[in-house]
Student: 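The following block contains the structure, expressed as structure tokens.
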Amino acid sequence: MKNILVTGGAGFIGSAFVRHMVERYPDYNIVCFDKLTYAGNIDNLLPVDDAENYRFERGDIADRATVSRALRDYCVDTVVNFAAESHVDRSILDPDAFIHTDVVGAYILLDEGRKHGIERFCQVSTDEVYGDIDIGLSLEDDRFLPNSPYAASKAAGELMARAYCVTYGMDIVITRGSNTYGPYQYPEKLVPFFATEAIDHRPLPLYGDGEQIRDWLYVDDHARGVDCVLHFGVSGEAYNLAGENQRANIDVTTRILELLGKPASLIRHVPDREGHDRRYAMSAEKARALGWRRQFDFDAGLEATVRWYQDNEWWWRKIKTGEYLEYYKRQYAERLAAQA
Ligand code: NAD
Ligand code: TYD
């Protein structure tokens, strides 16, 4: 392993992975390949900008010619695919881009990787492929029951990776991370959205009763988990990267408000997300056996995260303009009016 192409490396988790790999492995060349969609942000990579073992290449994983050129020009031997459309609410409003990137893009990347003789391919997937789980923990061999267009598109990308491993003998590993939070997360997801809205003393639109449960994983733990699976995972296997920090949305929201010294009256219970999964929870045993352990518990991780958004308004204020405001209006205007 020497020349690693990290697709989607300008996004939230991908950039944490790039920052981690550039620092931890000075002998590897890390190439970030990213389309820079609304969620891609070159500011996320400022900490590694001057590193000698880091390069950035703008491109779309669904564009075969550009992918092929990047694999050849950088003599890539390893691909880690973070590139995705990643927000469930946007997938409900408009699934097209999810099929383009999460399904077709994943396929093109696999297919070009095979032609270029890639030695290892890591497909970054999600706990959402298992769908809603009432009780217990999802295990890697459980069946897929994705419920949102996002989850279905990720399941399709992951199944194509499996097929390329079985059919063509490609060396492929898969990670399934749980809900991730931390610095540099686009402020449409629960934690950064609510933290930045609360800082501005604006209403927090909590879907339905707010009793839905997610298992929260700090972003640096997710990045280290992908590193561990990339190096030690068995080809053809998937590994859950579970935070083992299950929390109800209402509790996460209340804690964010407490950390910011804001009143609970900012919470607005708005009409629920369509097809909203009540609970995700996975077992982390299999990844643990590879040597991965999460280091952050939720209380410490959430506090560090909320402080980061307090201290880094330069990063998120410029995002919360233009397209972001159009999306906000589309997603929340009617919902907030309905409960008012
Ligand atoms: P993100 O939305 O913050 O970043 C996605 C990145 O992919 C952006 O930089 C974007 O520009 C890039 N991208 C999108 N389409 C592209 C394309 N066609 N070609 C090249 N680049 C493209 O997402 P994230 O939260 O960092 O998630 C990263 C990966 O981890 C995704 O595959 C996601 O499914 C998975 N995941 C996320 C979570 C989570 O809680 N955020 C949990 C588990 C798994
Ligand atoms: P999100 O961060 O979008 O992640 P995911 O849908 O992938 O789990 O949402 C986390 C939880 O928070 C989910 O149950 C939906 C809920 N949520 C709200 O209640 N209100 C919101 O405005 C958002 C964005 C999410």
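Source: prediction; values computed, not measured. Whatever order the structure lists them in is the order used to number ligands and atoms, beginning at 1. Computed from heavy atoms alone, side chains included, the values below leave out hydrogens, waters and symmetry copies.
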Student: Contact between ligand 1 and Gly59 is defined here as a heavy atom of the residue under 4.0 Å from a ligand atom; is it met?
Tutor: yes
Student: Please compare Phe12, Phe33, Phe17, Tyr150 and report which has the shortest non-hydrogen distance to atom 3 (O) of ligand 1.
Tutor: Phe12
Student: For ligand 1, is any non-hydrogen atom under 4.0 Å from Ser178's backbone (N, CA, C, O), its side chain (CB onward), both, or neither?
Tutor: backbone
Student: Give the numbers and elements of all ligand 2 atoms closer than 4.0 Å to a heavy atom of Leu206.
Tutor: 19 (O)
Student: Show me which atoms of ligand 2 lie under 4.0 Å from any heavy atom of Arg214.
Tutor: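 Selected atoms, number and element: 8 (O), 13 (C), 14 (O).
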Student: Below 4.0 angstrom, N of the basic side chain to O of the carboxylate: do Arg24 and Asp227 qualify?
Tutor: yes
Student: Could you list all the salt bridge (charged side-chain N to carboxylate O under 4.0 Å, His left out) pairs where at least one residue sits in residues 106-121, not counting sequence neighbours?
Tutor: Arg64-Asp111, Arg64-Glu112, Asp111-Arg114, Asp111-Lys115, Glu112-Lys115, Arg120-Asp171
Student: Which residue and non-hydrogen atom of the protein lie closest to atom 38 (C) of ligand 1, and at what distance in Å?
Tutor: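 Answer for atom 38 (C) of ligand 1: Ile13 CD1, 3.6 Å.
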Student: If you link ILVMFWY side chains whenever their heavy atoms are less than 4.5 Å apart, which other residues fall into the same cluster as Phe98? By chain and number, please.
Tutor: Val88, Ile92, Tyr150
Student: Check for me whether Tyr150 has a heavy atom closer than 4.0 Å to any atom of ligand 2.
Tutor: no
Student: Of Arg268, Lys320, Lys262, which is the lone residue that meets salt bridge (Lys or Arg N to Asp or Glu O under 4.0 Å) with Glu197?
Tutor: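 The single option meeting the salt bridge (Lys or Arg N to Asp or Glu O under 4.0 Å) with Glu197 is Lys320.
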Student: Compare Thr126, Asp34, Thr7 and give the one whose heavy atom is closest to atom 9 (O) of ligand 1.
Tutor: Asp34
Student: Using a 4.0 Å heavy-atom cut-off, say whether His87 meets ligand 1 through its side chain, its backbone, both or neither.
Tutor: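 For His87, there is no contact with ligand 1 at all, from either part.
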Student: With heavy atoms only and a cut-off of under 4.0 Å, state how Val88 meets ligand 2: side chain, backbone, both or neither.
Tutor: side chain
Student: Using a 4.0 Å heavy-atom cut-off, which part of Asp127 comes near ligand 1: side chain, backbone, both, or neither?
Tutor: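 Under 4.0 Å from ligand 1, Asp127 contributes no heavy atoms.
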Student: Is there a donor-acceptor pair under 3.5 Å between the side chain of Asn249 and the backbone N or O of Glu211?
Tutor: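 Checked: no pair found.
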Student: So, does Asp77 use its side chain to make a donor-acceptor pair with the main chain of Asn3 at under 3.5 Å?
Tutor: yes
